[in-house]
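To keep things clear, I will list the structure first and then write my remarks on it.
Here the structure is a predicted model, which is why all the values come from computation and not from measurement. Below, chains carry the letters A, B, ... as their sequence lines are ordered, and counting in each starts from 1.
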Amino acid sequence: MSLPSKENFSEWYHEVIQTAEIMDVRYPVKGLYVWFPFGFKIRQLVYSKLREVMDREHDEVYFPALIPETELGKEGEHIKGFEDEVYWITHGGSTPLDVKLALRPTSETAIYPMFKLWVRNHADLPLKVYQIVNTFRYETKHTRPLIRLREITSFKEAHTVHKNFEEAEEHVKKAIEFYKEFYDFLAIPYMVIRRPEWDKFPGAAYTIAFDTVMPDGRTLQIGTVHHLADNFAKTFEIKYEAPNGEHYYAHQTCYGISERCIAALISIHGDDQGLVLPFEVAPIQIVVIPILYKGKEEAVMDACKKIVDKLKSFRVILDEGEERPGAKYYKWELKGVPVRFEIGPRDAEKGVAVASFRDEKKKFEVSIDEINDDLIWQWAQIMRERLFASATNRILEKIKIVNSPDELKDWVRNGVGIFHLCNNEDCGLSLEESGGSLLGWFEEMPEWINLDNEGECIVCGSKGKVAALARTY
RNA sequence: GGGGCCGUAGGGUAGCCUGGUGAUCCUCUCGGCUUUGGGAGCCGGUGACCCGAGUUCAAAUCUCGGCGGCCCCA
């Protein structure tokens, strides 16, 4: 059993998802996939970090999955953006429903009618909640596990309500900081980009997105933050009474992250051997492999058990299986186990273990007496920094600063083009003839991209800022 | 939105054009012997022609429809 090379990303992704037991892709409905237990453990570890970040400022809630047609259709722009991909429930048993029910494509129209009831006066604000739910979209393009789904199983969506535009805008900045913390934790490099007008969330004043770059040079949107202004508040009559006795429409934000964060985690860090996981989100963090020879089993097993006992605060396993050691190495590398110890008769005699990290091929000896929690956490930290650095280097190979529309067109099949662009809509739209999508303008420049924010628009020459264009998932 | 290709054991494949053999090979899995510092070896076993209709003496193979997957172009 061996994976296709990651050079052939599409094939590699499909295989690793299945053989590393993230998702079972064999469910007989297009765009729906099954979480294997191992994949679900990764999901749980990743989402518990996301929860930890959200819980600092939000309350977790749950709203129904079904939305009456009358509410879903209220906000004109919003429904236009989703109407072609809504699943409808039309019958209860064999009785046609008076009002059709939509399976939520996103939850604004489920939540905001209730916000109208929850928000009465200025003391009720700001209101900040989030939920982690499934959502449904009838995707017509080809679907991909964790990336393009008909059922998004793990949509973390936050919704906030504020007094005015400025306060909501302040919160947008905070939301961006939350998401940065989350992706830094996963060692996933990202670009924070303001979407062009024609690509913002339907009903939003503006949209800021997190994009990362996949190994084939296409970008993956892994988070969005929307300023909704008072667009939805006016539709759903979310008003509050101010201290002066006047009633004002509230301003809102919403922002979301889906299981695409796990697609990014797998794709950005993985290699030809399989998954490479940051220590904190690895379902198995440490594996101990005994190397047994006839007559010497006892000393080796004793040493192994000693290590396992010392490290019991981690998710550690002792692989006592019948396979030969080499087969075990490949097996656990596929699963992305960050730290491995091997102990054979020679090592047991010397009181050492042979350690190695998933992201490096080097092996080194460590005295069993020196192994403790602090040492492991040190390793985990170093590994995260190394993962981030090597991910960034690989991504930089897929990013190029281009100086003309022609150069952009030549490059876009390879990766992301970066350039200065003015805010004239025609300039931006003309660039999409290159075959990519205009991601928008950098909200902030990543440290790893070196380019002045101000410059001349590569289309018309007038004053512009740094923008990016790429083929997207 | 438009076009093309494909569906054979748990996974990957040969056979299909030109209809007829016990449906090929690898892997996985199960039992046995043996082995163990980077995917060991031998023996034996389980397991498949996507669904439906049609053509035919006979369909994995030809035709149509459905479902599912992949790729390219806009």
Side-chain angles (χ1 to χ4, degrees), chain A residues 1-5 8-34 36-38 83-85 138-151 198 216-218 271-274 287-301 303-304 307 318-335 337 340-350 352-366 409 412-413 429-438 469 471-473:
Chain A
M1 171 178 52
S2 77
L3 291 171
S5 163
N8 189 345
F9 175 66
S10 191
E11 222 173 284
W12 176 89
Y13 181 76
H14 191 261
E15 274 300 303
V16 80
I17 285 272
Q18 181 79 29
T19 56
E21 297 182 302
I22 308 292
M23 311 292 294
D24 198 327
V25 303
R26 295 170 298 181
Y27 193 75
V29 180
K30 181 181 167 69
L32 309 189
Y33 306 93
V34 177
F36 278 119
F38 186 79
E83 62 190 348
D84 289 338
E85 42 192 55
Y138 185 75
E139 293 286 351
T140 51
K141 290 183 182 174
H142 59 256
T143 50
R144 254 200 188 78
L146 301 175
I147 291 177
R148 187 174 295 279
L149 303 159
R150 285 187 171 174
E151 180 186 5
W198 62 85
D216 61 355
R218 293 167 74 178
D271 65 18
D272 286 357
Q273 271 62 52
V287 61
V288 180
I289 298 177
I291 293 153
L292 301 168
Y293 286 86
K294 272 222 170 75
K296 300 179 178 172
E297 291 95 338
E298 202 176 329
V300 169
M301 288 312 296
C304 288
I307 293 186
L318 172 59
D319 188 349
E320 298 183 75
E322 297 290 308
E323 293 153 299
R324 293 164 68 127
K328 292 179 183 176
Y329 303 156
Y330 281 103
K331 180 176 70 181
W332 297 116
E333 282 166 6
L334 174 63
K335 291 295 185 78
V337 178
R340 181 179 79 215
F341 292 108
E342 310 161 26
I343 299 179
R346 294 198 301 266
D347 310 312
E349 210 169 296
K350 280 159 62 184
V352 301
V354 175
S356 62
F357 301 128
R358 174 62 182 84
D359 63 319
E360 289 191 321
K361 286 290 165 225
K362 283 185 282 191
K363 294 186 182 186
F364 59 96
E365 283 189 1
V366 53
K409 194 169 183 175
V412 73
R413 296 209 65 77
L429 280 171
S430 76
L431 291 177
E432 295 202 331
E433 285 163 21
S434 64
S437 302
L438 181 65
L469 180 143
R471 292 181 305 136
T472 62
Y473 272 99

- Query: Is a donor-acceptor pair below 3.5 Å formed from side chain A:Arg26 to base B:G69, judging by atom type as modelled?
  - Reply: no
- Message: Ring-plane angle category for A:Phe357 and A:Phe364, please: parallel below 30°, perpendicular beyond 60°, tilted otherwise.
- Response: tilted
- Note on the structure: As its Watson-Crick or G-U partner within any shown strand, both distances under 3.5 Å, B:U18 has none
- At under 4.0 Å between heavy atoms, what does A:Glu333 touch on the DNA or RNA strands: base, sugar-phosphate, or nothing? base
- Query: Taking everything shown except A:Lys409 itself, do over 12 heavy atoms lie less than 6.0 Å from its NZ?
  - Reply: no
- When you compare B:A74 with B:C17, how far apart are their P atoms, in angstrom units rounded to a whole number? 36 Å
- Message: For a quick test of reading the model: is some side-chain N or O of A:Arg324 closer than 4.0 Å to OP1 or OP2 of B:G39?
- Response: no
- Message: Give me the distance, rounded to whole Å, that separates B:G3 from B:C62 when you measure between the P atoms they each carry.
- Response: 23 Å
- With P as the reference atom in both, quote the distance from B:G11 to B:C50 in angstrom, rounded to an integer. 12 Å
- Item | Integer-rounded Å distance: B:G11 P and A:His14 NE2 | 11 Å
- Item | Nearest-angstrom distance, C1' atom, B:U13 to B:A9 | 12 Å
- Task: Could you tell me which nucleotide pairs with B:C67 by Watson-Crick or G-U wobble geometry, both distances under 3.5 Å, or answer none if nothing does?
- Result: B:G7
- If you check every side-chain atom of A:Thr143, which of B:U35, B:G69, B:C71 has the closest atom? B:G69
- Message: Tell me if the OH atom of A:Tyr138 is crowded by more than 12 foreign heavy atoms within 6.0 Å.
- Response: no
- Message: With side-chain hydrogen bond (donor to acceptor under 3.5 Å, both in side chains) as the test, pick out the partner of A:Glu333 among A:Arg340, A:Lys328, A:Arg358.
- Response: A:Arg340
- Between A:Lys30 and B:C67, is there a side-chain N or O to OP1/OP2 distance below 4.0 Å? no
- What is the distance from CG of A:Leu3 to C1' of B:G39, rounded to the nearest Å? 13 Å
- Task: Go through the steps to decide whether A:Glu21 and A:Lys335 satisfy the test salt bridge (charged side-chain N to carboxylate O under 4.0 Å, His left out), and finish with yes or no.
- Result: CA-CA 8 Å; A:Glu21 297 182 302; A:Lys335 291 295 185 78; 3.0 Å; yes
- Message: Suppose you measure atom P in B:G32 against the same atom in B:C71; what distance do you get, rounded to whole Å?
- Response: 43 Å
- Item | Euclidean distance for C1', B:C26 against B:G37 (whole angstrom) | 28 Å
- Message: By the 4.0 Å heavy-atom rule, please label A:Lys363 as base, sugar-phosphate, or nothing.
- Response: base
- Message: Surrounding NZ of A:Lys296 (heavy atoms of other residues, nucleotides or ligands, distance under 6.0 Å), is the total greater than 12?
- Response: no
- Query: Looking only at atom C1', what distance separates B:G45 and B:C28, rounded to whole Å?
  - Reply: 14 Å
- In whole angstrom, what separates A:Trp12's CH2 from B:C70's C1'? 19 Å
- Give a yes or no on this: more than 12 heavy atoms of other residues, nucleotides or ligands lie within 6.0 Å of atom NZ of A:Lys141. no
- Message: Using Watson-Crick or G-U wobble geometry with both distances under 3.5 Å, which nucleotide pairs with B:C28?
- Response: none
- Query: With rounding to whole Å, what would you report as the distance between B:G10 and B:U46 at their P atoms?
  - Reply: 15 Å
- Task: Give the rounded distance in Å between these two atoms: CD of A:Glu11 and C1' of B:G12.
- Result: 11 Å
- Task: Assign each of A:Ile291 and A:Pro145 to its nearest nucleotide of RNA chain B by heavy atoms, then name whichever residue's nucleotide is nearer the 5' end.
- Result: A:Ile291
- Query: What is the nucleic acid contact for A:Val25, judged by heavy atoms within less than 4.0 Å: base, sugar-phosphate only, or nothing?
  - Reply: nothing
- Do any side-chain nitrogens or oxygens of A:Ser10 fall under 4.0 Å of OP1 or OP2 in B:C71? yes
- Message: More than 12 heavy atoms of other residues, nucleotides or ligands under 6.0 Å from CD of A:Glu432: yes or no?
- Response: yes
- Task: Answer with base, sugar-phosphate or nothing: what part of the nucleic acid does A:Lys328 contact at a heavy-atom distance below 4.0 Å?
- Result: nothing
- Task: Starting at atom NZ of A:Lys141, determine the distance to atom C1' of B:G2, rounded to an integer number of angstrom.
- Result: 13 Å
- Query: Does OP1 or OP2 of B:G39 have a side-chain N or O of A:Lys331 closer than 4.0 Å?
  - Reply: no
- Whole-Å distance, A:Ile343 CD1 to B:G37 P, equals 16 Å
- Message: Applying a 4.0 Å non-hydrogen cut-off, can you work out what A:Arg144 is touching in the nucleic acid: base, sugar-phosphate, or nothing?
- Response: sugar-phosphate
- Is any side-chain nitrogen or oxygen of A:His142 closer than 4.0 Å to OP1 or OP2 of B:G69? no
- Message: Regarding A:Arg413, tell me which of base, sugar-phosphate or nothing describes its non-hydrogen contacts under 4.0 Å with the strands shown.
- Response: sugar-phosphate
- Message: In whole Å, I'd like the distance from the CD atom of A:Glu322 to the P atom of B:G39.
- Response: 18 Å
- Query: Base, sugar-phosphate alone, or nothing: which one does A:Gly31 contact when heavy atoms must sit under 4.0 Å apart?
  - Reply: sugar-phosphate
- Considering Watson-Crick and G-U wobble pairs with both distances under 3.5 Å, what does B:G37 pair with? none
- Task: Decide, applying a 5.5 Å centre-distance limit and a 30° plane-angle limit (both strict), whether A:Tyr329 stacks on B:G38.
- Result: no
- Note on the structure: Taken to the nearest whole Å, OH/A:Tyr13 to P/B:C71 is 13 Å
